[in-house]
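What follows is one structure encoded as structure tokens, with my remarks underneath.
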Amino acid sequence: MDFFTGKTVIITGAGRAVLSDGRCGSIGYGIATAYAKEGANIVITGRNVKKLEDAKAELESKYGINVLTVQADIKAGADNLALAESVVKQAVESFGGIQVLINNAQASASGVTIANHTIDDFNLAMYSGLYSTFCYMKACYPYLKASKGSVINFASGAGLFGNYGQCSYAAAKEGIRGLTRVAATEWGPDGINVNVVCPLAWTAQLEQFEKAYPQAFKENVKMPPMGHYGDSELEIGRVCVQLASPDFKYMSGETITLEGGMGLRP
């Protein structure tokens, strides 16, 4: 339980989101909560300052840990590598190093078919997801090499199964899967553990997707065999804690599929 005390975790896309019933509805925030319970120093990024500040206030008050919030938006036309490097520099200045990088951020025009997709729609998914993952990995590499740390990237079943209405999202997520496997090969000799997680959790974003595109939701989102969707903290966040712990170093390069009520499924 004390393995992450004093260690630093960067989580992109970790602002606090709330479901219609009041429960936390963000995978990134669920992951942050799981690491907060382990005593980690946490750096969270996102586009929405209020969501970041809400997450910081709750995590620090509940768990007595330190949280650094940085507004960061990887997007077309920006100096994205410099932005990622700035976030990493602030993390190192605040906490002294980096042990875990979790690339969770992703925006997309889900529900819009290929024929109706615009270049801007496609860029939104590719930059917020694939380019963000690439930039943060490059920026964190020397610090992760020094700490023999871990990278956990987030992909999706949309890319694995070709979900209707999710062309740019699926493309970004498959790019992230490929990037992760290459990094596992190249960075393994440096002692860096690299994995990709494909989760299915009930989030505010999924809740909004169901309301906005009921047909696409029906086609794409299937109830897991255990009869409930994954919990962002208990079934996603806790797995991220496990993947960055010493006991799971041998799993580098694996794709981990997480469904409601299920554990690790390489």
Side-chain angles (χ1 to χ4, degrees), residues 11-15 17 19-20 25-29 45-49 51 71-84 102-138 152-183 196-224 229-230 232 236 255-259:
I11 308 168
T12 68
L19 294 167
S20 59
S26 163
I27 287 178
Y29 186 65
T45 75
R47 295 178 294 177
N48 189 307
V49 173
K51 289 183 178 180
Q71 183 185 28
D73 186 9
I74 303 293
K75 59 185 178 181
D79 189 348
N80 293 308
L81 183 56
L83 178 57
I102 298 177
N103 285 300
N104 166 72
Q106 179 72 65
S108 72
S110 290
V112 181
T113 63
I114 295 173
N116 293 316
H117 241 67
T118 67
I119 293 297
D120 287 342
D121 289 336
F122 203 80
N123 281 340
L124 173 65
M126 299 303 287
Y127 277 91
S128 66
L130 180 57
Y131 276 85
S132 175
T133 299
F134 171 73
C135 289
Y136 278 102
M137 287 175 68
K138 277 185 65 68
I152 302 170
N153 294 331
F154 273 73
S156 171
L160 291 170
F161 307 118
N163 288 0
Y164 177 92
Q166 292 191 306
C167 67
S168 59
Y169 178 79
K173 291 304 190 183
E174 283 300 274
I176 290 169
R177 277 213 312 141
L179 175 62
T180 303
R181 288 189 176 277
V182 173
V196 62
V197 175
C198 298
L200 179 55
W202 190 250
T203 64
Q205 189 174 29
L206 196 59
E207 191 173 64
Q208 293 163 9
F209 179 50
E210 180 183 27
K211 293 178 180 177
Y213 301 98
Q215 185 59 38
F217 180 89
K218 183 179 179 181
E219 292 288 336
N220 294 327
V221 184
K222 309 298 182 184
M223 178 62 71
Y229 296 103
S232 294
I236 310 298
T255 296
I256 310 301
T257 302
L258 299 176
E259 299 179 354

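Model, not experiment: these values are computed from the prediction.
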Could you tell me which residues satisfy side-chain hydrogen bond (donor to acceptor under 3.5 Å, both in side chains) with S168, sequence neighbours excluded, listed by chain and number?
H117

Quick one: list whatever passes side chain to side chain contact (heavy atoms under 4.5 Å, CB included) with V182, sequence neighbours left out.
E186

Minimum heavy-atom separation for A201 and L206, please, with both atom names.
O-CD2, 3.6 Å

Under a 3.5 Å distance rule, please check whether T203 uses its side chain to pair with a backbone N or O of I27 as donor and acceptor.
no

Using the side chain to side chain contact (heavy atoms under 4.5 Å, CB included) criterion, which residues pair with F134? Sequence neighbours excluded.
K138, L179

Supply the atom-to-atom distance N48 CG to Q71 CD, rounded to the nearest 0.5 angstrom.
8.0 Å

For the student: nearest non-hydrogen atoms of A72 and T45, plus distance:
CB-CB, 4.3 Å

Partner set under side chain to side chain contact (heavy atoms under 4.5 Å, CB included) for A155, not counting sequence neighbours
K173, R177, V196, C198

Scanning both residues in full, the closest heavy-atom pair of I74 with Y127 reads CG2-O, 3.2 Å

Can you tell me if CZ on F217 sees more than 12 non-hydrogen neighbours from other groups inside 6.0 Å?
yes

Below 4.5 Å, heavy atoms only, C-beta onward: do Y213 and V112 meet side chain to side chain?
yes

What distance do I11 atom CD1 and Y136 atom OH have between them, rounded to the nearest 0.5 Å?
12.5 Å

To check you understand the geometry: which heavy-atom pair defines the closest contact between V197 and P199, and what is its length?
O-CD, 3.4 Å

Between G175 and L130 the two heavy atoms that sit nearest each other are C-CD1, 3.5 Å

Going by the rule ring pair (Phe, Tyr, Trp, His ring centres under 6.0 Å), which residues pair with F122 if we only count those two or more places apart in sequence or in a different chain?
none

Run the side chain to side chain contact (heavy atoms under 4.5 Å, CB included) test against I114 and tell me which residues pass, sequence neighbours left out.
C167

Just jot down the ring pair (Phe, Tyr, Trp, His ring centres under 6.0 Å) partners of Y164, sequence neighbours excluded, or say none.
none

Sequence neighbours excluded, the answer for salt bridge (charged side-chain N to carboxylate O under 4.0 Å, His left out) partners of E207 is none

Any donor-acceptor pair under 3.5 Å from D121 side chain to T118 backbone
yes

Throw together a table of side-chain donor-acceptor distances under 3.5 angstrom for residues 102-111, partners on residues two or more places apart or in other chains.
from	atom 1	to	atom 2	distance (Å)
N103	ND2	N153	OD1	2.8
N104	ND2	T12	O	3.3
N104	ND2	G13	O	2.8
Q106	NE2	A125	O	2.9
Q106	NE2	S128	OG	3.4
S108	OG	S110	OG	2.8
S110	OG	Q166	NE2	3.4

Could you list the residues that satisfy side-chain hydrogen bond (donor to acceptor under 3.5 Å, both in side chains) with N116, not counting sequence neighbours?
T113

Looking at A170 and A158, what are the two nearest heavy atoms and their distance?
CB-O, 3.6 Å

